[in-house]
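Given the structure is predicted, the values throughout are model-derived calculations rather than measurements. Below, each value reflects all heavy atoms present in this structure, side chains not excepted, and no hydrogens, waters or symmetry copies.
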Amino acid sequence: MGEEFVKQHIVPQAYLNRFAFEDENKREKVIGVRLSSQNNKKVNFFTNSVKSVGYINNYYDTLQKEDKKHWEHYFDENFDTLCGKPLDNIISTITLSTLNVQVINTEAKSILSRIILSQSFRVPAYLDNQMEKSISMIDSYKTEAIKQNPNLPIDKQELIKQITFDDDMRKDIILSSVLNKEHFHKYCNKLEQKTWIVYFNNIRNKLPYVTSDNPVLFCNHKGIPTKIDNIGLASDELVIFYPLTPSILIGIYSPDAYLGLLKQYDGNRFNINEEKFIININLKIMSQSYKHSFLPKPLFQMVKDIK
């Protein structure tokens, strides 16, 4: 029997299923995929099952735990399950609501914050970057330790210099830190204190929201994409966008954004008919994908017909 939990999804399958659609030829539910090369010179479009996309083999494996699949199971048990019934309830509330009423309450913010932040920390755009940064950070710590102890014997200094942390150890240290329950709760609390806006796509059948294998979009106040570790969750300049479905996009802003005028609409739903806004968000989410962007049926069919 082959090893289990090899295909480790960097975005939950329960989330991706919300962008999937029925394929009459395959008689199953599939998702429209945009696969681009690293230089974006070659782009392929195809359909596939959700379980067959958006994963990296053994990405979260670590020998630092008794169960080397520990982090894969941790994501599934603590976060991926939130993309099922809990997210269903939030989506239903938003979809069935009337205009300009609060559809995101405190409980919904708590659930969505956990989904959004766990998604942000599990993708290569964050984890691989932290892995690379940790090399120089460890060297700095060793240098500082020696500097702070000038009377340390030479042989002890050499021992400190020889301390190394391989990729496996550094991966486990990073995940243990950001997913530490106390730390993670503080991160979520920072998001929950912000102003949340729901952009409901009224032209979803023509131009739906797309998503990708790196679906959380971090921008500065000018709308320029950035990275979570470049701007910080507490920054007043931070703006976050996260598509829940082809119809629903969450926007998260500082309470002081737009001179504080946006705060009065915290948790409200606004209907969107503006193509420019939707296209802008879609392009930014696709451009930051690790490997796959996911197109709901209307967009995928349009691309297919053009080709």
Side-chain angles (χ1 to χ4, degrees), residues 7-21 29-60 75 79-80 83 115-132 199 201 204 207-220 223-231 238-252 277-304 306-307:
K7 295 182 177 180
Q8 298 177 357
H9 280 74
I10 58 176
V11 59
Q13 295 182 65
Y15 168 76
L16 290 183
N17 278 328
R18 301 181 187 283
F19 294 82
F21 52 89
K29 211 167 187 181
V30 298
I31 194 165
V33 183
R34 178 186 186 270
L35 172 63
S36 60
S37 59
Q38 288 187 338
N39 56 16
N40 260 336
K41 290 185 177 180
K42 184 178 181 182
V43 178
N44 293 322
F45 294 91
F46 57 91
T47 60
N48 210 335
S49 62
V50 166
K51 66 181 180 181
S52 300
V53 295
Y55 68 85
I56 302 175
N57 284 347
N58 301 316
Y59 186 56
Y60 304 113
F75 278 117
F79 305 116
D80 294 6
C83 293
I115 293 173
I116 290 170
L117 287 178
S118 63
Q119 178 63 75
S120 303
F121 294 144
R122 72 192 292 173
V123 293
Y126 178 81
L127 188 51
D128 288 0
N129 187 46
Q130 292 301 303
M131 291 274 287
E132 186 175 343
Y199 296 104
N201 188 342
R204 174 252 185 275
L207 185 61
Y209 293 123
V210 305
T211 193
S212 76
D213 51 14
N214 182 21
V216 183
L217 176 62
F218 293 91
C219 297
N220 62 22
I224 299 173
T226 185
K227 293 182 178 180
I228 184 174
D229 49 334
N230 288 343
I231 192 168
L238 176 65
V239 180
I240 301 174
F241 293 105
Y242 179 63
L244 296 188
T245 72
S247 302
I248 301 170
L249 176 75
I250 301 295
I252 305 175
F277 172 82
I278 298 169
I279 291 173
N280 183 45
I281 293 293
N282 284 350
L283 289 176
K284 288 176 180 176
I285 289 176
M286 288 192 293
S287 68
Q288 70 174 22
S289 66
Y290 169 70
K291 186 176 181 181
H292 296 143
S293 300
F294 303 106
L295 283 62
K297 189 173 183 178
L299 267 183
F300 184 79
Q301 190 61 53
M302 183 188 305
V303 171
K304 185 179 177 182
I306 292 174
K307 291 187 69 178

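What you find for Phe300 and Leu295 is that their closest heavy atoms are CB-O, 3.9 Å. Closest approach of Thr226 to Asn220, counting heavy atoms only: CG2-N, 4.2 Å. Arg18 and Cys83 get closest at one heavy-atom pair: NH2-O, 2.6 Å. Minimum interatomic distance between Met286 and Val210 (heavy atoms only, all atoms of both residues): CG-CG2, 3.8 Å.
Considering CZ of Phe294 and CG of Leu16, their distance stands at 5.0 Å, rounded to 0.5 Å. Note: Ile250 CD1 to Thr245 OG1 = 9.0 Å, rounded to the nearest 0.5 Å. Between Leu249 atom CG and Leu244 atom CG the span is 8.0 Å, to the nearest 0.5 Å. In this structure, SG in Cys219 is found 6.0 Å from CZ in Phe241, a value given to the nearest 0.5 Å. Taking CG of Asp128 as the reference point, atom CD1 of Ile56 lies at 7.0 Å (rounded to 0.5 Å). Taken to the nearest 0.5 Å, the CG atom of Asn57 stands 8.0 Å off from the CD atom of Gln8.
Looking at Tyr60 and Ile10, their side chains come closer than 4.5 Å, going by heavy atoms from C-beta outward. Side-chain contact check for Ile285 versus Ser293: every heavy-atom pair is 4.5 Å or farther apart. Considering only heavy atoms from C-beta on, Pro208 stays 4.5 Å or farther from Phe19 through its side chain. The closest side-chain heavy-atom distance from Ser212 to Arg34 is not below 4.5 Å.
For Asn129 (side chain) and Ala125 (main-chain N/O), no donor-acceptor pair under 3.5 Å exists by modelled atom type. The backbone N or O of Val50 sits nowhere less than 3.5 Å from a side-chain atom of Lys29 that would complete a donor-acceptor pair. Without hydrogens or angle criteria, His9 side chain to Asp213 main chain gives no donor-acceptor distance under 3.5 Å. Judged by distance alone, the side chain of Asp229 and the main-chain N or O of Tyr126 form no donor-acceptor pair under 3.5 Å. Side-chain atoms of Glu132 never come within 3.5 Å of backbone atoms of Leu127 as a donor-acceptor pair (strictly under, hydrogens ignored). In terms of modelled atom types and a separation under 3.5 Å, the side chain of Asn280 and the main chain of Leu283 share no donor-acceptor contact.
Checking His292, Lys291, Gln288 one by one against Asn214, the side-chain contact (heavy atoms from CB on, under 4.5 Å) holds for a single residue, Gln288.
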Task: side-chain contact (heavy atoms from CB on, under 4.5 Å) between Phe21 and Val30, worked out - done: CA-CA 5 Å; Phe21 52 89; Val30 298; 3.9 Å; yes
Open item on the list: Run Arg122 and Tyr59 through side-chain contact (heavy atoms from CB on, under 4.5 Å) and show every step you take.
Closed with: CA-CA 10 Å; Arg122 72 192 292 173; Tyr59 186 56; over 6 Å; no
Open item on the list: Could you walk me through whether Val11 and Thr211 satisfy the side-chain contact (heavy atoms from CB on, under 4.5 Å) test, starting with their C-alpha distance in whole Å, then the side-chain angles of each, then the deciding distance to 0.1 Å, before giving a yes or no?
Closed with: CA-CA 10 Å; Val11 59; Thr211 193; 5.9 Å; no
Open item on the list: Set out, in order, the CA-CA distance, both residues' side-chain angles and the distance that settles side-chain contact (heavy atoms from CB on, under 4.5 Å) for Asn282 and Tyr209, then state yes or no.
Closed with: CA-CA 6 Å; Asn282 284 350; Tyr209 293 123; 4.1 Å; yes
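Aromatic ring centres of Tyr199 and Phe277 lie closer together than 6.0 Å. Tyr242 has its ring centre less than 6.0 Å from the ring centre of Tyr15.
Heavy atoms from other residues, nucleotides or ligands lying under 6.0 Å from OH of Tyr290 number 12 at most.
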